[in-house]
Amino acid sequence: MKVVSKWARGLIAALAGVGALGAASCDALQATPESPPPHERPPQFRQVTANLACAFPIVPERELFIRDLGVVNDAARTQWSGILPTGSGIADGAWSFGRLMAQMSGPVAPEDFVRNWLAQWETGQTVNGQLISARSSITPQIINAWPKRPNGKLDLTKSPMRLLAIVNRVDVRDLSLGSAGEGRFVYGVLDAGGNPLQFTVILEYDLPAKTRMDVLDWANRWHALGAQTPGSAAFNTALQAITDRFTARNAAPGRPNGSALNQLRTNEIALASPWQLREFHLDAATGLLKSDTVALTPGRSLRTSNSLAAFINDNTLLLMDGGVPPVPLQTDAGAFRGAFAEASLPWTPPGVTHPEARHRFALNTCNGCHLEETGTTFLHVFPRSAGQQAQVSGFVSGTTAQDPNGLTHGFNELQRRATDLSNLLCEDAQAPTAMLTSPDAGSFVRGTVTVAADTTDDVGVARVDFFDGTSLIGSASQAPFTIAWNTASPTTGTRSLTARAFDTSGNVGTSGAVSVTVDNTPPMIIPGPPKWNQNSFYFVRGTPTVSWSIVQSVSGVAVARIFQDSVLLTSLAGSGGINYFIHWDTSVLSDGRHTISLEATDRAGNVSSHSRFVDVDNTPPAYLAITAPYNGAQVSGVVTLSATGSDNMDLASIAFQVDGTTLTPFATTAPYTRTWNSTGLSGTHTIVAIAYDRAGNSARSAPVTVTVP
Ligand SMILES: [Ca+2]
Ligand SMILES: [Ca+2]
Ligand SMILES: [Ca+2]
């Protein structure tokens, strides 16, 4: 990576002395956004990994200016059946002039669309107040020679257009205009015999981009072609995947005909002399290609004018800074931008103060970048015969030339574009860093968890991907970088989380792993005493011990809380504890039904609870009396003892004692009776009844004395 970087910077240095702004071949030039030099960027950060996109040098003939016969003669893609495909990636004529016209013609029939375009040479056109004279030899040379369909219309499947090159112009990107540059098709026009005419047609499409990532996406797609062999199935398929994106029907919704075409340009000396360049735009009103002014190029009548000198002088600083001043349509003096460009005489208005600024201005014009400033004899891409690869001008491949002031300039447009692409891809070779900030390492997690990462980068982080092991669990594309992770899907247990941050150039930084334990199983609570039994039911009194045991999976108990009638009684911190109890003082409560609950929370936060009701009774039976025998009675044989009693809640039983000895079993239902055999027990005896409620409270009756004779 560093080697490439040095190589790229070396090229910048080499070009600095020759006007690195580099006018393109009569193209819509747009200022290339400047990035701060490396020493002005923010400090670098911890982790560095090589940017793979940057690690491979640019291969201009595969990525920038594709003229290989395996591409331009690709039979499937340059010959068209005449049917517009409905799917994507279909080879049928994808790079043919006819299909491209059909894709951009919107509601207009493609053959009428093309015929209307050609008609603009048949008669004079007025554009921006300037007349473009007819070049009427278009009729015999092109229109009449064009093969026709039975209905007399142009047969677009036999268009006399030979593909010369497919060109990547990412270097004219301007993100402020939503553009990653242009993709271009260059065709050579053929005569009736299939021989090349001195006439080229260039379709210049926008590469739409909203963000820096979009620009880099385009750049990386073009750059990826460098690893393939032109003409191979892999190369041509990949190239078509790129070209389809900007040539497809409705590739640019909202623009005329939904086409991404920025402009169509023609260069020809075949129809008349001198060489002439015309520019056409899709007209929103008619959906037709319409003659328009030529970007960055003043009208030829201004060649030696004061207004042109003033314009150059006013823009000297911008030009010397590498900038490209927009050429206005009109000035106070009248029409300024040209309706066409033609080779004739150089832009040399008297009164220009800075000859280098004059040269740079002229180079940006469509005629200036040809003969007068770069020594180009005609075109930058030459028409070709069948079976031959198109040649390019020295301006493209490397040359030196003298400008009209005798200043010598070096040109190597391909190298300049390669440097630009390399700089774009390598501009940010510093990988971002990522660190997981949530959840904490070693923590227990459950349910849906926020996973968060902190990142740093010298330029900007575009996206963070979050992983559970090797599984992607989510992505965040803006700070703060967080996702909601549903832990229900992975099985319970230890998971290893990582975050991968991508910067705006696609460099990746991976965080350290954070290990967490997933526990989605709530504690299981098993109640201990008191429990229902047939004697006391749910009754308690005094200070009973209430207990539970907890069976816990994975993470252990963090806290157990005991509630009485939904009011917290006590909180017991636990760490994997099993048995929990409370000595529960019921004496402070009113008699009656109460609930007592245990709520257990495991260390992942899963909660479960168990509630039971109990009947508190701290009041002894209220009324108790022995109803038979009566006090002082004389009894004999088997005697029936009877008592009556009541309780504020539930009387459980009444027991009888004779002389302190309790008779069993107790009487448990009213009327409360019990027999006592007094046979042989002559003398005086004392009988007492004892009543028990369900909670175990008791009351004693007044004693009854009887005599057995
Ligand atoms: Ca970076
Ligand atoms: Ca658990
Ligand atoms: Ca009671």
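All values below were derived from every heavy atom in this structure, side-chain atoms included, with hydrogens, water molecules and symmetry-related copies excluded. Note that ligands are numbered from 1 as they come in the structure, with each ligand's atoms numbered from 1 the same way.
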Worksheet item: Rounded to the nearest 0.5 Å, how far apart are CG of Asp650 and CG of Asn648?
Response: 10.0 Å

Response to the item:
Of all the N, O or S atoms in Asp503, the one nearest to the Ca ion (ligand 1) is OD2

Discussion item. Using modelled atom types and a 3.5 Å cut-off, is there a donor and acceptor pairing between side-chain atoms of Arg603 and backbone atoms of Ser555?
Written reply: yes

Discussion item. Below 30° counts as parallel, above 60° as perpendicular, anything between as tilted: where do the rings of Tyr538 and Phe613 land?
Written reply: tilted

Item to complete: Sort by chain and number the protein N/O/S atoms that are closer than 3.0 Å to the Ca ion (ligand 2), and list them.
Response: Asp519 OD1, Asp519 OD2, Thr521 O, Gln552 NE2, Ser553 O, Asp602 OD2

Worksheet item: To the nearest 0.5 Å, what is the distance between CD1 (Ile582) and CG (Leu572)?
Response: 7.5 Å

Worksheet item: What do the steps show when you test Asp503 against Val459 for side chain to side chain contact (heavy atoms under 4.5 Å, CB included), and what is the final call?
Response: CA-CA 7 Å; Asp503 67 16; Val459 176; 5.7 Å; no

Worksheet entry | Closest approach to the Ca ion (ligand 1) by Asp458, given as the N, O or S atom name | OD1

Worksheet item: Between Arg694 and Asp647, is there a salt bridge with N-O shorter than 4.0 Å?
Response: no

Worksheet item: Once you round to the nearest 0.5 Å, how far does CG of Asp454 lie from OG1 of Thr437?
Response: 5.0 Å

Discussion item. Does Phe537 form a side chain to side chain contact (heavy atoms under 4.5 Å, CB included) with Asp615? I'd like the steps, not just the answer.
Written reply: CA-CA 9 Å; Phe537 298 178; Asp615 294 315; 5.8 Å; no

Response to the item:
Test salt bridge (charged side-chain N to carboxylate O under 4.0 Å, His left out), reference Asp217, set Arg212, Arg173, Lys210, Arg245, output is Arg245

Worksheet entry | N, O or S of Asn507 under 3.0 Å from the Ca ion (ligand 1) | no

Worksheet entry | Tally, protein N/O/S atoms nearer to the Ca ion (ligand 3) than 3.0 Å | 7

Discussion item. Can you give me the closest heavy-atom contact between Leu624 and Ala643, atom names plus distance?
Written reply: CD1-CB, 4.5 Å

Worksheet entry | Donor-acceptor side-chain pairing of Ser549 and Asn579 below 3.5 angstrom | no

